[in-house]
Amino acid sequence: MINIAKVYDVLAKEFEKYSAPVVDLVEAQTKDPFKILLATILSARTKDTTTSEVVNAMFEYIHTPEDLAKYTREEIEEMIYPVGFFRNKAKSLHKLPEVLKNKFNDRVPEEIDELLELPGVGRKTANLVRTIAFRKPAICVDVHVHRISNRLGYVQTKTPLETEMKLREILPEKYWLNYNSYLVAFGQNHCTPRNPKCSTCPIYDQCERVGVETKWIDK
DNA sequence: AAAACGGGGGC
DNA sequence: GCCCCAGTTTT
């Protein structure tokens, strides 16, 4: 049986050796929920260093939804070009001020269901904004959390949403705030998609699936 | 359920 | 050159 508390403690201790990319990125630059929202949307499937450069440049000119609304979709594309999926993200960002204004009175909402109404925001981003901007407990399941939770044997799930719901059941809420960061850092440094570094794994003795074929998870 | 979207950085 | 990146939207 997995001891989640123990795993958490070990990873927490290891954590100083790692970094929590997006959290560090936005917290170093702003506490403004709107800017955090922008940075978080742009960070999807994108290296944090790339996101950081783009976001820094944007924050020179854009501080509010009104500022963002002044730009055309093409101008936004040009602005965010180095991040991946820039056309999709520009489309979302271009529409964002309108939705914030019409539905949320120009404020970034705090509830998951509300955040999900924003363009470019899916479950992972909604949860991430909630934790970073509002310090509310949330579980955001990205590829790392999904993969590792299955590899360790916490869950046996097909979709990230299933993983999120299962973790919501079995993971005590007091761990939610930092758990994602720890698991992501762990996923980048040890429990990698291919060829995980099991020989130097800090929670080797807590893993039920060492050496088990994981292609069914990793895809 | 699957496809489309993507440039940048690491090795 | 190949692999991966704290996914979302559209078919």
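Since the model is a prediction, treat every value here as computed from it, not as a measurement. Lettering follows sequence order; numbering is per chain, from 1.
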Per-pair distances, 0.1 Å, donor-acceptor, side chain in residues 106-114 of chain A, under 3.5 Å, sequence neighbours excluded:
unit_1	atom_1	unit_2	atom_2	d
Glu110(A)	OE1	Lys136(A)	NZ	2.6
Glu114(A)	OE1	Glu111(A)	N	3.4

Pairs touching residues 68-84 of chain A that satisfy salt bridge (Lys or Arg N to Asp or Glu O under 4.0 Å), sequence neighbours left out:
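Sorted pair list: Asp67(A)-Lys70(A), Arg73(A)-Glu77(A).
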Under 4.0 Å, heavy atom to any atom of DNA chain B: which of residues 136-145 of chain A qualify?
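Result for residues 136-145 of chain A: none.
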Hey, can you pull the residues of residues 85-99 of chain A with a non-hydrogen atom under 4.0 angstrom from DNA chain C?
Phe85(A), Lys91(A)
Those residues of residues 159-168 of chain A lying under 4.0 Å from DNA chain C by at least one heavy atom
none
Excluding sequence neighbours, so at least two apart, what forms side-chain hydrogen bond (donor to acceptor under 3.5 Å, both in side chains) with Lys103(A)?
Glu117(A)
Set of residues satisfying side-chain hydrogen bond (donor to acceptor under 3.5 Å, both in side chains) with respect to Thr159(A), sequence neighbours excluded:
Glu162(A)
Going by the rule salt bridge (Lys or Arg N to Asp or Glu O under 4.0 Å), which residues pair with Lys101(A) if we only count those two or more places apart in sequence or in a different chain?
none
Spacing of the C1' atoms in dG9(B) and dT8(C) (rounded, Å):
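Here dT8(C) and dG9(B) have their C1' atoms 23 Å from each other.
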Phosphate-side-chain proximity, Gln188(A) and dC5(C), N/O vs OP1/OP2 below 4.0 Å
no
What are the bounds, 5' to 3', of the part of DNA chain B that sits under 4.0 Å from heavy atoms of chain A?
dC5(B) to dG8(B)
Range-with-range stems for DNA chain B, at least three Watson-Crick or G-U pairs under 3.5 Å
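Stems found: B:1-5 with C:7-11, B:7-11 with C:1-5.
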Donor-acceptor pair under 3.5 Å, Thr125(A) side chain vs dA6(C) base:
no
Show me the side-chain donor-acceptor pairs of residues 164-171 of chain A shorter than 3.5 Å, one per line, residues at least two apart or across chains.
unit_1	atom_1	unit_2	atom_2	d
Glu164(A)	OE1	Arg123(A)	NE	2.8
Glu164(A)	OE2	Arg123(A)	NE	3.3
Glu164(A)	OE2	Arg123(A)	NH2	2.8
Glu164(A)	OE2	Arg168(A)	NH2	2.6

I'd like a table of donor-acceptor pairs (distance under 3.5 Å, sequence neighbours excluded) in which one partner is a side-chain atom from residues 84-99 of chain A, with atom names and distances.
unit_1	atom_1	unit_2	atom_2	d
Lys89(A)	NZ	Leu42(A)	O	2.9
Lys89(A)	NZ	Ala44(A)	O	2.8
Lys89(A)	NZ	Thr46(A)	OG1	3.0
Lys89(A)	NZ	Gly84(A)	O	3.2
Ser92(A)	OG	Asn88(A)	O	3.3
Ser92(A)	OG	Gly120(A)	N	3.4
His94(A)	ND1	Tyr71(A)	O	3.3

